[in-house]
Amino acid sequence: MVFGKNKDVLVHRWYPFVEGYSKEFIEDILQELPFTPQCALEPFCGSGTTPVELQNHNIKCYSFEVSPFMHLLAKVKLERTYDETTLIRFRNKVSESLARPMPDIRKKELIPFGDTVVCKDGMKKWNFHNSSLDGILDIRYAIRTEVDDDRYYKLFTIALSSIILQASNLFRNGKCLSYKKGWETRIISRDEIHRLFLNQLDTVIYEDVKTLSSQRATVCNADICSFGDVRKSIENVEDDSLDLIITSPPYLNSRDYTDIYMLELKVLQLLNSHEELKELRKSTLRSHVQVKYGDVRPIDNFRLGECLSDMRKSDKKSWNSDIPNMVCGYFEDMQHLFMAFSRKMRKGGVIYFNVANSAYFGVEVPVDMIISDIAEDCGLKVREIRKARDIKTSPQQSKALGKKLHESVIVIDKK
Ligand SMILES: C[S@@+](CC[C@H](N)C(=O)[O-])C[C@H]1O[C@@H](n2cnc3c(N)ncnc32)[C@H](O)[C@@H]1O
């Protein structure tokens with residue numbers, strides 16, 4: 001199921017999204033279904049694995065994504081009208097612009113918002129060395145001024161996004177961004193940044209555009225890949241219209257996607273202020289503690305009640321006192337979504353729901369079982385909970401729990 005398998009796969013390789021799943025996960029589902037789906041839904045689109053793969057199989061798929069970066073990525077991957085000649089024409093224009101970089105690029109292109117972007121007096125750590133940031137701003141300027149076709153503007157922006165982490169002093173470290181070892185002396189020149197970007201266009205993007213232009217899809221899921229909070233937007237999907245839902249929501253692991261993809265969001269100017277950042281976090285599923293949710297009343301579920309009671313009794317400390325509210329908010333969001341799924345699905349439709357169990361205060365939260373209860377309460381029928389794999393837990397956590405946490409896929413029918 002892991003995204004790693006997609007790293008050499010057409011289009012999926014345009015940006016490595018570790019939280020995504022592999023295209024084989026979708027293919028296996030299509031193989032086991034006893035019918036050919038007509039209309040599917042991916043409520044948590046991420047990098048677009050589900051709508052892209054379903055499009056490859058000529059299956060219509062609505063999708064929703066709240067992060068402007070992930071939404072842009074998915075839309076770019078779903079677009080099927082690129083051609084090599086136009087790609088090369090814009091590539092050459094951008095390359096010419098990069099060959100004569102402006103000394104005062106920071107007057108032309110705003111540097112990303114925030115206090116830690118570049119080195120200022122007295123700072124101990126910063127996200128980009130000056131040469132890297134100028135190289136990136138040169139590319140952003142060249143794309144903005146030379147690429148006057150929206151489809152290629154977005155495609156080139158995604159090519160830029162794929163080198164941002166490499167150009168920075170940071171790496172993705174599970175829940176957050178951390179500083180690379182030896183980052184202080186690892187300086188990348190402005191020219192080298194340009195080369196990294198052009199190389200991405202000349203290899204991965206060029207080869208894939210060439211392949212894509214020879215295989216036109218009859219279904220295009222790009223226009224029905226919507227930006228926004230699925231908890232609200234799902235109402236735009238017609239009732240009784242879906243026969244398949246495949247998804248992997250954010251896990252109940254207090255990982256905030258806004259934090260993990262902060263560099264891309266800022267550098268691509270998809271987030272431009274602390275207020276916008278706050279608003280984005282508020283629109284995400286309640287799976288993290290970056291937002292204060294206040295007191296959330298638990299939904300009526302026996303297993304959840306037991307977990308909350310065990311957490312209260314536990315002598316183990318948690319790193320954040322808002323965790324119980326997050327847990328309650330997560331299942332309230334799930335209940336809201338499953339009520340909508342039940343209405344939007346046709347009889348005979350199937351849901352594949354990929355989740356992982358979590359643990360807080362030394363207490364396991366059986367997310368797969370609680371979500372199965374919620375689905376049944378909403379009139380759906382749980383066919384099976386398939387264990388997918390164990391997930392990495394810290395040695396302390398495994399010891400406290402006496403077992404490993406796992407990921408599973410819940411298979412649910414609409415009878
Ligand atoms: C586990 S990822 C999905 C990965 C996807 N299956 C793939 O292969 O790329 C979960 C996604 O849900 C998105 N998300 C979180 N809250 C959301 C909300 N309220 N509405 C829509 N999307 C949301 C996150 O931004 C993240 O991209």
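Every heavy atom of this structure was used, including side-chain atoms; hydrogens, water molecules and symmetry mates were not. Position 1 is the first residue of the sequence; numbering continues from there. Each ligand, and each atom within it, is numbered from 1 in the order the structure gives.
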Test of proximity, [X] against ligand 1: N or O pairs below 3.5 Å:
X	value
Val230	yes
Ser67	no
Ser47	yes
Tyr21	yes
Thr50	no
Ser248	no
Leu285	yes

>> Please tell me whether Tyr15 and Phe69 form a close aromatic pair, meaning their ring centres lie under 6.0 Å apart.
In response: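 Yes: the rings meet the under 6.0 Å criterion.
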
> Taking the six-membered ring for Trp, are the ring centroids of Phe353 and Phe338 within less than 6.0 Å of each other?
Replying inline: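 Yes, ring centres under 6.0 Å apart.
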
>> Please verify the inter-ring angle class for Trp183 with Tyr179; under 30° counts as parallel, over 60° as perpendicular, anything in between as tilted.
In response: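 Taking Tyr179 first and then Trp183, their aromatic rings sit tilted (interplane angle of 30° to 60°).
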
>> Check the orientation of Tyr257 and Phe17. Use parallel for under 30°, tilted for 30 to 60°, and perpendicular for over 60°.
In response: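 Judged by the thresholds at 30° and 60°, the geometry between Tyr257 and Phe17 is tilted.
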
> Among the heavy atoms of Ala74, does any lie under 4.0 Å from an atom of ligand 1?
Replying inline: no

> Does Asp229 come within less than 4.0 Å of ligand 1, judged by its heavy atoms?
Replying inline: yes

>> Please classify the Ser287 to ligand 1 contact at 4.0 Å (heavy-atom distances, strictly less than): side chain, backbone, both or neither.
In response: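 For Ser287, there is no contact with ligand 1 at all, from either part.
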
> Are a donor atom and an acceptor atom from the side chains of Asn301 and Asp373 found within less than 3.5 Å of each other?
Replying inline: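 A donor-acceptor contact under 3.5 Å links the two side chains.
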
>> If you define the side chain from C-beta out and look only at heavy atoms, does anything of Val76 sit under 4.5 Å from Tyr82?
In response: yes

